[in-house]
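In what follows, a single structure is set out as structure tokens and then discussed.
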Amino acid sequence: MPALSATSLNFGTQTINTESAQQNIVFSNSGTDPLGIGGISVNNSSYVITKKTTCGSSVAPGGSCTIAIAFKPKSTGTQTGTVTIKEFN
């Protein structure tokens, strides 16, 4: 069964066009079958999936991987985004 270690992240105040420190979400698989990953994306370009992300094309049974997200706002004000993990089954 897939699970995420966090359902929200808060980056606080960040200067425009300056990347924040990354925050991590752990994607784990407590099931008995591998979980296939077709892609990971964020629907707001002010959020960046960093190179420290460890997720590949699947998560083994009992395994996990890290999705590393940073915030680099392009404008002022509160911003939201959604991380999507495609095609896991």
Side-chain angles (χ1 to χ4, degrees):
M1 167 165 255
L4 296 172
S5 62
T7 57
S8 66
L9 301 174
N10 185 337
F11 290 92
T13 302
Q14 184 69 28
T15 303
I16 293 174
N17 292 320
T18 303
E19 191 168 301
S20 71
Q22 75 180 34
Q23 294 187 32
N24 297 327
I25 300 171
V26 176
F27 179 51
S28 60
N29 176 10
S30 63
T32 58
D33 294 317
L35 293 174
I37 298 174
I40 301 172
S41 61
V42 181
N43 70 345
N44 180 331
S45 63
S46 288
Y47 293 93
V48 179
I49 297 174
T50 75
K51 292 180 182 179
K52 300 218 180 222
T53 294
T54 63
C55 298
S57 61
S58 67
V59 178
S64 65
C65 64
T66 300
I67 303 167
I69 310 280
F71 180 50
K72 187 176 181 180
K74 298 181 180 348
S75 61
T76 60
T78 301
Q79 297 189 36
T80 60
T82 301
V83 174
T84 302
I85 302 169
K86 296 179 183 176
E87 299 178 15
F88 66 90
N89 53 4

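For this chain, numbers begin at 1 and follow the sequence in order. As the structure is a prediction and not an experimental result, all values here were calculated from the model.
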Side-chain polar contacts of residues 69-83 - donor-acceptor pairs under 3.5 angstrom, sequence neighbours left out - could you list them?
from: K74; atom 1: NZ; to: S45; atom 2: O; distance (Å): 3.4
from: Q79; atom 1: OE1; to: S46; atom 2: OG; distance (Å): 2.9
from: Q79; atom 1: NE2; to: S75; atom 2: O; distance (Å): 2.9

Do any side-chain atoms of residues 5-12 form donor-acceptor pairs under 3.5 angstrom with protein atoms, and if so which ones, sequence neighbours left out?
from: S5; atom 1: OG; to: V26; atom 2: N; distance (Å): 2.8
from: N10; atom 1: OD1; to: G12; atom 2: N; distance (Å): 2.8

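Partners of S41 according to the side-chain contact (heavy atoms from CB on, under 4.5 Å) rule, which considers only residues two or more places apart in sequence or in another chain, are T84, K86. Partners of S28 by side-chain contact (heavy atoms from CB on, under 4.5 Å), not counting sequence neighbours, listed by chain and number: A3, S64. For Q14, there are no side-chain hydrogen bond (donor to acceptor under 3.5 Å, both in side chains) partners two or more places apart in sequence or in a different chain. Partners of S58 according to the side-chain contact (heavy atoms from CB on, under 4.5 Å) rule, which considers only residues two or more places apart in sequence or in another chain, do not exist here.
Residue P2 comes nearest to L35 through the heavy atom pair CB-CD1, 3.7 Å, listed as atom of the first residue, atom of the second, then distance. The two residues E19 and T50 come nearest to each other via the heavy atoms OE2-CG2, 4.4 Å.
Taking 4.5 Å as the limit, every side-chain heavy atom of I25 sits out of range of all side-chain heavy atoms of Q23.
Considering CD1 of I85 and CD1 of I67, their distance stands at 4.0 Å, rounded to 0.5 Å.
Linking ILVMFWY side-chain heavy atoms closer than 4.5 Å, directly or via other members, places V42 and V48 in two distinct hydrophobic clusters.
Checking side-chain atoms of S30 against main-chain N and O of M1 turns up a donor-acceptor pair under 3.5 Å.
Residue F27 is tested with V59, I40, T53 for a side chain to side chain contact (heavy atoms under 4.5 Å, CB included); the sole match is V59.
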